[in-house]
Structures are given as structure tokens and as C-alpha cells.
Amino acid sequence: MLKEYGLLLGRSIGLQFRRKVLDLIGDRHGLAPVIHSLLTIHAQVCREQEKLDRQVRQLAHQDDTTRRLMTVPGIGVVTALTFRHTIDDPSRFRSAANVGAYLGLTPKRKQSGETDINGRVSRWGDRLLRSYLYEAASVLMHRTKKWSTLKAWGMRLSKRIGIRLAEPVMSPPGRWLW
């Protein structure tokens, strides 16, 4: 709405965003009453979102398995909760490779006679959890400063097959702490 009047904002969120908007429009702008109403709604939505975030963090910290999952570099509250509730009972899987297959993280195979071709990831299973695990692998590779054996394995893998292929491969939970 403000762009139409040549008023541009930098990147910001929450209270910082509201302050920037108020500084930008001042009290004399024709849209000031409308903008003030919208900023009031924005503040209320931010408060409600903070309440929900707090509840999700409490839920995660109440469960021992979820807390252990969050000790893995790159895994946060949402990813740990999603993994925990998607897998539910880990005893139904014989190995971590079976968990990867359940989530659709195994390659497609095309076989005909003597020809055996491994394709891309099959993408069967829970799409949301797969995307969270991919994001966790990306965070581990690019944003985590602390060195770990998991990051070292990922770096060796990325040198061997390339970073764009290594992140999806790192997504299968190979060493989860049950």
C-alpha cells in the first residue's frame, strides 16, 4: 500500500516493522488512520503467534525423545516434533534405512533385464517432514558453526557428490537418538 506513494521499507519483522512504518508515514499522511488500524491488527497477530510458539516449545520440551532429537545439529523444535509424531513408534522399523524408505528418501529403481538404474528420490511418504529434514541438513551444512561428526560426514559427502546432491542424501535419519 505504501509503495504506491513511493514509500519503501527495508526488511524487518514484528515491532521493528511497525516502528519503521510509523516513522515512514508520520501523522500527516492521508493513509495514516488506515495504516494505524492495520498495525494494531499486526501487533495482535504477533502476540497470538508468540503464544502459539511458546506452546509448541513447551510441547517439545515435555517429551524426552523430542528433546534428544533437538540435540542433533540443525534440528529445531518443529522438525523434532514433526519427526517424532510422523514416526510415532520406532520399534516398527528394523533399521534407519527403513525409516528413510518410509519417508520417501530412497532412490527410484528401474530394472529391465540386466539394466539397473537408480533414479531420483522416490518422494513417497510425508512431504512436510521430508522438507523439514532437507532444511535441517541445509542448516547443518551452511549455518552451523560448531563441528560435529554429522557435519564432517556431510562435508565429505558434498565433496564426493556435490552440495546439491548431498543435502537430500543427508536428510535420512541415520543416527537418531531413541
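The two residues Thr144 and Gly74 come nearest to each other via the heavy atoms OG1-N, 4.4 Å. Scanning both residues, Thr82 and Tyr132, for their nearest heavy atoms gives OG1-CE1, 3.3 Å. Minimum heavy-atom separation, Met155 to Ser158: O-OG, 2.8 Å.
A donor and an acceptor atom, one from each side chain of Gln62 and Gln58, are nowhere located under 3.5 Å apart.
By the 6.0 Å contact criterion, CZ on Arg57 is enclosed, its count of non-hydrogen atoms from other residues, nucleotides or ligands being greater than 12. Residue Ile13 qualifies as open at atom CD1: its count of foreign heavy atoms under 6.0 Å is 12 or below.
No salt bridge links Glu50 with Arg47; every basic N to acidic carboxylate O contact stays at or beyond 4.0 Å. Under the 4.0 Å criterion applied to side-chain N and carboxylate O atoms, Asp64 and Arg67 are assigned as salt-bridge partners.
In terms of hydrophobic clustering, with Ile, Leu, Val, Met, Phe, Trp and Tyr side chains grouped at heavy-atom distances under 4.5 Å, Val34 and Val21 are assigned to a common cluster. In the hydrophobic clustering of ILVMFWY residues, with side-chain heavy atoms under 4.5 Å counting as a link, Leu24 and Leu39 come out together. When the side chains of ILVMFWY residues are joined at heavy-atom separations under 4.5 Å, either directly or via intervening members, Ile25 and Leu38 end up in a single hydrophobic cluster. The hydrophobic cluster containing Tyr102 also contains Leu69, counting ILVMFWY residues as joined when their side-chain heavy atoms lie under 4.5 angstrom apart, directly or transitively. When hydrophobic clusters are built by joining Ile, Leu, Val, Met, Phe, Trp and Tyr residues whose side-chain heavy atoms come closer than 4.5 Å, directly or via intermediates, Phe83 is not grouped with Met70.
The CG atom of Leu59 lies 6.0 Å from the NE2 atom of His85; values are rounded to the nearest 0.5 Å. Taken from CG in Leu103 to CZ in Arg127, the straight-line distance is 14.0 Å, to the nearest 0.5 Å. Separating the CG atom in Asp53 from the CD atom in Gln49 is a distance of 5.0 Å, to the nearest 0.5 Å. The OG1 atom of Thr65 sits 11.0 Å away from the CG atom of Leu81 when rounded to the nearest 0.5 Å.
Listed for the Lys20 side chain is no donor-acceptor partner under 3.5 Å among the backbone atoms of Ser12. Checked by atom type and distance alone, the side chain of Thr71 pairs as donor or acceptor with a backbone atom of Arg68 at under 3.5 Å. A donor-acceptor pair under 3.5 Å links the side-chain atoms of Arg92 to the main chain of Ile87, judged by distance alone. No side-chain donor-acceptor contact under 3.5 Å links Thr79 to the backbone of Ile75.
In this structure, Pro73 and Lys151 have side chains that are not in contact, with every pair of non-hydrogen atoms separated by 4.5 Å or more. Within the 4.5 Å cutoff, the side chain of Thr40 has no heavy atoms near those of the Ser37 side chain.
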Practice problem: Show your working on side-chain contact (heavy atoms from CB on, under 4.5 Å) between Thr66 and His61 and close with a plain yes or no. | Solution: CA-CA 7 Å; Thr66 307; His61 289 290; over 6 Å; no

Self-check item: Candidate pair Arg19 and Gln16, rule side-chain contact (heavy atoms from CB on, under 4.5 Å), full reasoning
Solution: CA-CA 5 Å; Arg19 285 182 181 157; Gln16 183 184 19; 5.8 Å; no

